[in-house]
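Sequential numbering from 1 along the given sequence is applied to the chain's residues.
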Amino acid sequence: MSDSTKSASPAPISSASDFGRMIRARRKTLGLTQEDVAMQSGMSLPTVSAIENGKETARLGLVLQICRDLGLRIMIEI
């Protein structure tokens with residue numbers, strides 16, 4: 001199984017910065033640039049950069065789109 005298809009263990013996320021770091025790590029694991037993700041997701045490069053840098057005003061819909069495009073699953077635990 002390649003690095004891009006391995007299932008990682010869940011990671012706790014408690015801030016927008018944590019979330020951005022996870023997205024950046026996945027993008028890099030897949031060997032993609034921010035430009036690649038922006039084109040694939042249909043958003044601007046500054047938007048992708050803002051999300052990866054944990055900008056708290058990033059629109060949730062855009063964040064979820066990037067997660068889908070990178071194959072990330074989001075789960076909420078209660």
### Task
Would you sort out whether Met22 and Leu72 count as a side chain to side chain contact (heavy atoms under 4.5 Å, CB included), showing the intermediate values?
CA-CA 9 Å; Met22 295 299 294; Leu72 293 170; 5.6 Å; no
### Message
Would Asn53 and Arg24 count as a side chain to side chain contact (heavy atoms under 4.5 Å, CB included) here? Give the steps.
### Response
CA-CA 9 Å; Asn53 286 304; Arg24 180 182 298 117; 3.1 Å; yes
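Salt-bridge check for Glu52 with Arg21: failed, with every basic side-chain N at 4.0 Å or more from each acidic carboxylate O.
None of Leu70, Val63, Asp69 except one satisfies the side chain to side chain contact (heavy atoms under 4.5 Å, CB included) rule with Ile66; the exception is Leu70.
Considering CD1 of Ile51 and CG of Leu64, their distance stands at 9.5 Å, rounded to 0.5 Å. The CG atom of Leu62 lies 11.0 Å from the SG atom of Cys67; values are rounded to the nearest 0.5 Å.
No more than 12 heavy atoms of other residues, nucleotides or ligands lie within 6.0 Å of CD in Glu56, so this atom counts as exposed by the packing criterion.
Under the salt bridge (charged side-chain N to carboxylate O under 4.0 Å, His left out) criterion, Asp36 pairs with no residue, sequence neighbours left out.
The two atoms that bring Gln40 and Leu32 nearest to each other are OE1-CD1, 4.2 Å, heavy atoms only.
Side-chain contact check for Phe19 versus Ile74: some heavy-atom pair is nearer than 4.5 Å.
Side chain of Ser41 to main chain of Val37: a donor-acceptor pair is present (N/O by atom type, distance under 3.5 Å, no hydrogens or angles). Counting only distance, with no hydrogens or angles, the side chain of Thr47 and the backbone of Met43 share no donor-acceptor pair below 3.5 Å.
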